[in-house]
Amino acid sequence: MDPIRDKILKRSKESNQDIIGKILSYAAIVLILAVVVSIFAFVFAKGIATFTENHASLKDFLTGTDWNPNSKGEDGKPLVGALPMIVGSFAVTLLAALFATPFAIGTALYMTELSSSKGRAFMQSVVELLVGIPSVVYGFIGLTVVVPFVRSHFGGSGYGILSGAFVLFVMVLPTITSMTVDSLKAVPKHYKSASLALGATEWQTIWRVILRAALPGIMTAVVFGMARAFGEALAVQMVIGNASLLPTSLTNPASTLTSVLTMGIGNTIMGTVANNALWSLALVLLLMSLFFNVLVRMISRKGRM
């Protein structure tokens, strides 16, 4: 054997490190995929038990208003009407996004287009501070400030969708603001320069050029904020009233999917109808999370086009 040829054909230390790095990367990807698939499979298997083992009606689950899994209706099927929780979750989420979006866009515009470097740094610190506050603190503030405020100015007991929306408004504001700032910064600088060169004012440039160019990113930020609000449990549970009733007013006590789950999952026995019904609610939450992620990808793809 030729020693020179063997030395040339022998793998170098760098090549071995490259191969090891690829193996570790692929192993991490496979592990992540396995974890995600396992979570979906586990929640799906548990969630459909209400319909396969306990013979509940899917139609009644999605459209029924009676939530009492330990009781049965006249047809002998468990009363697992989840419509009040589904409506409560969507109502709180949409209302919080409606409140937060104008404030988030205004804050992001100030940070990227109008403020000085000191003002931008200050607002960035405020946004980061809001992100770091625990959910239970938001819940306590909502319980001691928001609930009495709603009771005094809007009537009712103070517990309800409106109080939950006010709390979630503050919680999702940093998420929407941060992503909107990134979207505004991603707008090419020559868009603004060309608009100003054509005689447009600064506000006309912001309104008709920068915001329109950043619209897909802003919509993505809003959807992420809605996903954050839809999955919030503790803070909403403390102010919404936790009544499994179809809400007829923003000031009436209501409930969400997450609030019912957090209150009930520790008080049920695995395999019972009540426990299976809660897993069905968890499956709805998981499917909604998947829906929000698909919606974000669709908006991002449309923005690139």
Side-chain angles (χ1 to χ4, degrees), residues 86-87 89-132 161-162 164-232 236 250 285-305:
I86 296 174
V87 171
S89 294
F90 275 103
V92 170
T93 299
L94 293 175
L95 203 58
L98 184 64
F99 291 160
T101 300
F103 287 94
I105 295 176
T107 304
L109 284 174
Y110 174 78
M111 293 173 64
T112 56
E113 302 294 333
L114 304 174
S115 69
S116 62
S117 57
K118 291 184 178 179
R120 189 180 304 112
F122 173 75
M123 290 304 301
Q124 184 67 33
S125 300
V126 172
V127 171
E128 292 174 355
L129 178 63
L130 289 176
V131 173
I161 292 175
L162 188 60
F166 280 143
V167 172
L168 285 180
F169 150 61
V170 182
M171 295 184 69
V172 303
L173 184 62
T175 301
I176 302 178
T177 301
S178 298
M179 298 188 65
T180 303
V181 168
D182 294 337
S183 300
L184 294 175
K185 287 182 177 179
V187 177
K189 296 295 182 183
H190 61 265
Y191 282 19
K192 181 178 180 180
S193 301
S195 177
L196 295 174
L198 290 172
T201 63
E202 186 175 13
W203 175 248
Q204 287 174 330
T205 301
I206 292 174
W207 178 253
R208 297 184 180 274
V209 178
I210 296 177
L211 281 178
R212 290 193 179 184
L215 184 59
I218 296 174
M219 293 175 63
T220 301
V222 174
V223 173
F224 265 112
M226 292 175 63
R228 167 81 170 86
F230 200 87
E232 177 56 41
V236 176
L250 296 180
L285 273 174
L286 188 64
L287 294 177
M288 285 308 306
S289 299
L290 181 62
F291 168 76
F292 283 125
N293 280 276
V294 171
L295 187 60
V296 166
R297 294 188 64 85
M298 291 175 60
I299 293 173
S300 301
R301 187 180 298 115
K302 186 176 181 180
R304 287 195 297 268
M305 294 172 60

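One-based numbering along the sequence shown.
- Between the E232 side chain and the A229 main chain, no donor and acceptor come within less than 3.5 Å of each other.
- Counting heavy atoms from C-beta on, the side chains of V127 and L173 never come closer than 4.5 Å.
- Residues I105 and L211 meet the side-chain proximity criterion, which asks for heavy atoms closer than 4.5 Å.
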Take I210 and E113, measure what side chain to side chain contact (heavy atoms under 4.5 Å, CB included) needs, and give me the verdict at the end. CA-CA 10 Å; I210 296 177; E113 302 294 333; 3.6 Å; yes

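- Taking both residues in full, the closest heavy atoms of Q204 and A200 are given as OE1-CA, 3.5 Å, listed atom of the first, atom of the second, then distance.
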Between T201 and L196, does a side chain to side chain contact (heavy atoms under 4.5 Å, CB included) hold up when you go through it step by step? CA-CA 6 Å; T201 63; L196 295 174; over 6 Å; no

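- Taking OG1 from T177 and CD from Q124, the interatomic distance works out to 10.0 Å, rounded to the nearest 0.5 Å.
- Checking each of L295, V172, L94 against M226 for a side-chain contact (heavy atoms from CB on, under 4.5 Å) leaves exactly one that passes, namely L94.
- F230 and F292 have perpendicular rings, their planes meeting at more than 60° on a 0 to 90° scale where under 30° would count as parallel.
- Summarising the geometry of A108 relative to T180, their closest heavy-atom pair is CB-CG2, 3.5 Å, with the distance given to 0.1 Å.
- Here the shortest heavy-atom pairing between A221 and M179 reads CB-CB, 3.5 Å.
- Formation of a donor-acceptor pair under 3.5 Å by the S195 side chain with backbone atoms of Y191 is not found in this model.
- Taking 4.5 Å as the limit, every side-chain heavy atom of S183 sits out of range of all side-chain heavy atoms of T220.
- Here the CE atom belonging to M298 is positioned 10.0 Å from the CE atom belonging to M219, to the nearest 0.5 angstrom.
- Residues L114 and I206 are in side-chain contact: their nearest non-hydrogen atoms beyond the backbone lie under 4.5 Å apart.
- In the displayed structure, F169 atom CZ is contacted under 6.0 Å by more than 12 heavy atoms of other residues, nucleotides or ligands.
- Annotation: side chain of M288 is in contact with side chain of F90 (closest heavy-atom distance under 4.5 Å).
- With contacts defined as side-chain heavy-atom distances shorter than 4.5 Å, the pair I176/F224 does not qualify.
- Taken from CG in L130 to CE in M171, the straight-line distance is 10.5 Å, to the nearest 0.5 Å.
- Considering all non-hydrogen atoms of both residues, V170 and P174 come closest at O-CD, 3.2 Å.
- Heavy-atom minimum distance, A214 versus V187: CB-CG2, 3.8 Å.
- Between the side chain of T112 and the backbone N or O of V181 there is no donor-acceptor pair closer than 3.5 Å.
- To the nearest 0.5 Å, the span separating CE on M111 from OG on S178 amounts to 7.0 Å.
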